[in-house]
Amino acid sequence: MRLSQYPIANLKEVPAEAEVISHQLMLRAGLIRRLSAGQYTWLPMGLRVLRKVETIVREEMDRAGALEILMPTTQPAELWMESGRWGQFGPELLRFKDRHQREYVYGPTHEEVVTDLARRELHSYRQLPVNFYQIQLKFRDEVRPRFGVMRAREFLMKDAYSFHLDEACLQRGYAAMYRAYTAIFTRMGLTFRAVQADTGSIGGTGSQEFHVLADSGEDAIAFSDGDDYAANVEKAEAMAPATPRGPATRPVTDIDTPRTKTIETLTALLACTAATVLKTLVVDGEDGQLVALCLRGDHELNAIKAQKLPGVANPLHLAAPERILEVIGCEPGFIGPVGLAARGVKVFADHSAAALADFVCGANRKDVHLSGVNWGRDLPEPIITDLRNVVDGDPSPTGTGQLRLVRGIEVGHIFQLGQKYSATMKATVLDDQGKDAVPFMGCYGIGVTRVVAAAIEQNHDERGIVWPEPIAPYQVVVVPLNAARSPRVSEVAEKLYAQLQAAGVEVLIDDRDARPGVKFADAELWGIPHRVVVAERGLEAGTLEYRHRRASDNEAMPLEGALAFLQERIGR
RNA sequence: CGGGGCGUGGCGCAGUCUGGUAGCGCAUCUGCUUUGGGAGCAGAGGGUCGUAGGUUCAAAUCCUAUCGCCCCGACCA
């Protein structure tokens with residue numbers, strides 16, 4: 001493409017709406033434009049990247065034996081009523097009516113539609129296993145769309161759904177998708193990690209997420225430095241401490257702690273570490289009761305784990321202060337587990353909280369804490385469970401190595417769904433005995449648009465985007481300098497451009513009447529991997545200047561054989 | 001949905017408190033000069049100040065309502 005004929009100008013200033021770096025760079029480099037909250041138009045330069053991501057996904061899905069289909073974006077509500085999700089989904093599901101007042105949804109996901117397809121088309125076990133996938137726009141009416149295309153309301157997703165006669169076959173299909181995803185993100189040139197994940201509301205038995213590693217990632221992931229264990233922190237298991245609880249050595253004592261409502265102020269006042277303090281959080285129970293969750297002062301509650309506990313409301317909700325005052329007789333800030341059982345409050349403690357002895361906790365009286373408290377002596381033993389987020393240095397649940405924490409952006413998720421949809425929607429096939437069998441399903445998603453933003457989060461510098469080569473919009477940019485004054489520069493640049501094009505290289509020529517600085521800045525903002533400068537200066541010596549986007553210096557390249565030089569660098 | 005903030009040429013902002021008929025930088029267009037890291041000079045075009053009411057001789061500015069957008073939180077395959 002000729003940049004002289006490209007109408008979208010790069011922005012020097014960052015639009016005020018953009019907070020994260022990928023969003024800023026995508027706007028500045030003219031990859032996307034916002035239409036409204038969470039909706040973006042993809043401009044030519046951005047769309048090329050999106051299509052490359054899509055192509056890699058498609059090729060690897062095809063290679064894995066999946067079959068591409070295309071389902072409608074809009075779906076009749078009946079299917080959602082049939083699966084039961086019409087009631088389960090909240091306002092995130094965009095609902096509307098057609099002219100006949102028939103209810104529809106804009107698909108946020110396609111389990112219902114694909115299951116409906118399966119029950120119409122699949123009748124025999126001989127047709128299984130099968131994996132249908134599509135690359136399709138989705139709409140989810142997110143409470144708060146943000147970060148540009150990273151968390152948009154409308155986005156492009158690759159969603160695949162597999163059908164299997166039995167669970168063993170599902171496992172094999174799932175494993176094949178794991179391999180396909182690994183191939184996909186590897187081919188894209190991204191640094192990523194597959195981690196065990198919580199299955200969330202989708203349910204099912206096994207689930208793994210694929211995260212692009214980036215410091216700005218929304219998710220924390222934990223992995224062992226001793227083996228290949230890796231899990232989302234939501235899911236990562238926190239082990240009981242290696243050293244058991246010590247003996248009780250001190251009596252319970254009141255401590256005056258006026259206005260000391262946080263662990264931070266408490267440890268400052270008492271000159272102790274947070275690891276010797278017990279923190280008590282009170283949440284709503286299932287039945288209107290309250291439930292107390294005890295953690296060591298230096299640990300953080302894991303909401304996913306907590307809301308799965310028997311008797312705890314799901315979703316997790318911190319109890320209202322008024323309700324706590326009513327039941328416990330004290331405002332939050334001075335809550336402790338002592339005496340709660342007598343008030344009908346169930347007490348759970350994290351493994352490490354349960355291992356404390358002679359600990360400090362709230363006294364359930366304003367401005368008072370207790371010290372020297374011991375489980376079993378001063379209050380009943382709690383229900384011991386895993387309640388906290390793992391922290392860096394925790395032992396790995398596998399027993400090998402320690403956990404390390406990094407941040408990631410979830411770009412893929414694979415699930416073993418089981419028979420949830422096939423059973424509810426009666427998608428059965430005949431097995432080899434001629435009996436009805438309910439297929440096992442898997443579902444596998446990749447956020448195609450999100451991959452683009454994640455790639456930028458992971459690969460950029462102060463000058464702009466640094467595309468991994470497999471997804472760069474163009475491979476090479478030819479930059480003639482001062483061509484207006486030098487017919488020779490223009491000739492050489494045009495010839496090279498034509499050669500590269502003929503050789504099938506994706507090439508840009510910056511034939512704009514612009515100063516060198518402008519051209520360099522734009523090429524770097526766009527993140528084009530290979531840059532060739534054509535200028536009088538080098539032509540005298542019969543050389544051009546080559547520079548890779550990641551390099552900091554120019555390299556001379558011969559004018560004769562320029563094509564071969566570049567092809568070698570591109571790696572073809 | 002709770003909390004906070006912002007809507008003024010395409011983009012970034014000032015002006016609002018204290019009412020007097022809109023300004024700066026970037027971008028765009030024209031001309032001349034310039035040409036290896038986002039050029040200089042001269043000139044030009046472009047805004048009913050988100051929208052709708054109200055107060056006033058007079059509203060970007062004050063009042064009311066409303067819409068949109070952003071951030072934090074809760075929420076989220």
Side-chain angles (χ1 to χ4, degrees), chain A residues 7-20 23-24 27-28 30 33-39 85 88-93 107-112 138-148 150-153 155 157-161 197-204 207-210 218-219 232 234 303-304 307 314-318 320 410-417 420-421 442-447 450 463-464 479-486 489 510 512-525 531 533-539 545 547 552 554:
Chain A
I8 312 292
N10 285 344
L11 275 38
K12 279 192 202 172
E13 285 171 300
V14 181
E17 71 192 54
E19 183 74 5
V20 298
H23 190 195
Q24 293 177 356
L27 289 170
R28 282 189 56 208
R33 287 291 182 260
R34 188 176 60 83
L35 175 63
S36 78
Q39 294 188 286
R85 290 208 289 185
Q88 288 166 17
F89 253 76
E92 188 184 334
L93 181 63
T109 177
H110 280 70
E111 280 84 2
E112 280 81 0
K138 302 281 190 262
F139 190 95
R140 293 181 191 178
D141 202 350
E142 294 276 353
V143 187
R144 186 150 91 81
R146 59 186 129 171
F147 307 147
M150 195 99 83
R151 183 172 292 278
R153 293 197 296 174
F155 57 97
M157 174 171 171
K158 187 284 297 177
D159 47 326
Y161 308 87
D198 183 65
T199 50
S201 54
I202 275 206
S207 155
Q208 281 161 295
E209 293 168 347
F210 285 76
E218 274 198 278
D219 288 306
N232 194 307
E234 285 180 352
I304 304 279
Q307 69 193 10
N314 187 348
L316 189 74
H317 194 258
L318 284 175
E410 183 191 344
V411 289
H413 202 159
I414 57 178
F415 286 93
Q416 295 176 39
L417 277 180
K420 181 174 170 181
Y421 293 93
C443 84
Y444 319 93
I446 290 179
R450 185 183 280 185
R463 294 179 173 192
V479 184
L481 298 188
N482 301 318
R485 280 189 324 191
S486 168
V489 165
D510 197 344
R512 294 176 296 177
D513 178 21
R515 296 166 68 87
V518 173
K519 297 185 178 187
F520 295 150
D522 281 348
E524 283 157 359
L525 179 58
R531 183 181 84 187
V533 172
V534 182
E536 268 303 318
R537 191 196 275 177
L539 289 183
E545 289 164 25
R547 184 138 146 195
S552 52
N554 289 334

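The figures that follow rest on heavy atoms only: side chains count, while hydrogens, waters and symmetry mates do not. We name chains A, B, ... by the order of the sequence lines, and we start the count at 1 in each one. Just so it is clear, the structure is predicted and the values come from calculations on it, not from any experiment.
The CG atom of D510(A) sits 15 Å away from the P atom of rG38(B) (whole-angstrom rounding). Taking atom CD on Q39(A) and atom C1' on rG68(B), their separation rounds to 13 Å, with Å as the unit. As rounded to whole Å, 15 Å separates atom C1' of rC76(B) from atom CG of L316(A). Atom CD of E92(A) and atom C1' of rC1(B) are 15 Å apart (whole Å). In this structure, CD of E142(A) is placed 13 Å from P of rC70(B), rounded to the nearest angstrom. Residue R33(A) contributes atom CZ, which lies 18 Å from atom P of rC69(B) at whole-angstrom precision. Atoms CZ (R28(A)) and P (rG38(B)) sit 14 Å apart, rounded to a whole Å. Distance, E17(A) CD to rC69(B) P: 11 Å, rounded to whole Å.
A donor-acceptor pair under 3.5 Å links the side-chain atoms of Q24(A) to the main chain of E19(A), judged by distance alone. Distance alone, capped at 3.5 Å, is enough to place a donor-acceptor pair between the R450(A) side chain and the E410(A) backbone.
Evaluation of the ring-ring contact (aromatic ring centres under 6.0 Å, His included) rule for F520(A) yields no partner, not counting sequence neighbours. Residues passing the ring-ring contact (aromatic ring centres under 6.0 Å, His included) test with F210(A), sequence neighbours excluded: Y178(A), Y181(A), F185(A). L11(A) pairs by the side-chain contact (heavy atoms from CB on, under 4.5 Å) definition with P15(A), R28(A), R33(A), not counting sequence neighbours. Scanning for side-chain contact (heavy atoms from CB on, under 4.5 Å) contacts around P145(A) gives A37(A), E142(A), R153(A), with sequence neighbours left out. For A514(A), the side-chain contact (heavy atoms from CB on, under 4.5 Å) criterion is met by R512(A), V518(A), K519(A), not counting sequence neighbours. By the side-chain contact (heavy atoms from CB on, under 4.5 Å) test, R34(A) is found to be paired with E17(A), Y40(A), residues two or more places apart in sequence or in another chain being considered. Annotation: ring-ring contact (aromatic ring centres under 6.0 Å, His included) contacts of F155(A) (sequence neighbours excluded): none.
Nucleotide rA58(B) is matched to nothing when pairs are restricted to Watson-Crick or G-U wobble geometry with both distances under 3.5 angstrom. The partner of rC26(B) is rG10(B), by the rule that a Watson-Crick or G-U pair needs both atom distances under 3.5 Å. rG38(B) is unpaired under the Watson-Crick or G-U wobble criterion, no partner having all donor-acceptor distances under 3.5 Å.
Nucleic acid contact class of N10(A) (heavy atoms, under 4.0 Å, all strands): none. Counting any heavy atom pair closer than 4.0 Å across all strands shown, R153(A) reaches no nucleic acid atom. Within 4.0 Å (heavy atoms only), I414(A) reaches no atom of the nucleic acid at all. Here F89(A) lies out of heavy-atom contact (under 4.0 Å) with every strand.
The phosphate of rC71(B) (OP1 or OP2) has a side-chain N or O of R144(A) nearer than 4.0 angstrom.
The pair K420(A)-E111(A) does not meet the salt-bridge criterion, since no charged nitrogen lies less than 4.0 angstrom from a carboxylate oxygen.
Here the separation of rU21(B) from rU61(B), taken at their C1' atoms, is 12 Å to the nearest Å. If you take atom C1' in rU16(B) and the same atom in rA22(B), they sit 12 Å apart, rounded to whole Å. Between rG43(B) and rG25(B), the distance separating the two P atoms is 13 Å to the nearest Å. For the P atoms, the distance linking rC62(B) with rG20(B) amounts to 11 Å, nearest Å. Remark: the separation of the P atoms in rU48(B) and rU8(B) is 12 Å, to the nearest Å. For rA44(B) and rU34(B), the P atoms lie 24 Å apart once the distance is rounded to whole Å. Across rC76(B) and rC13(B), the matching C1' atoms stand 35 Å from one another, rounded to whole Å.
Annotation: side chain of H110(A) is in contact with side chain of K138(A) (closest heavy-atom distance under 4.5 Å).
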(message) Counting primed atoms plus P, OP1 and OP2 as sugar-phosphate and everything else as base, spell out the protein contacts along nucleotides 28-37 of chain B at 4.0 Å heavy-atom distance: B, S or - for each nucleotide, 5' to 3'.
(response) ------BBBB
(request) Summarise how protein sits on nucleotides 6-11 of chain B as a single string, 5' to 3': B when a protein heavy atom is under 4.0 Å from the base, S for sugar-phosphate-only contact, - for no contact. (result) -----B
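You'll find that the side chain of A37(A) is closest to rC70(B), out of rC1(B), rC76(B), rC70(B). Of the candidate nucleotides rC71(B), rA74(B), rG38(B), rA74(B) has the atom nearest to the side chain of V143(A).
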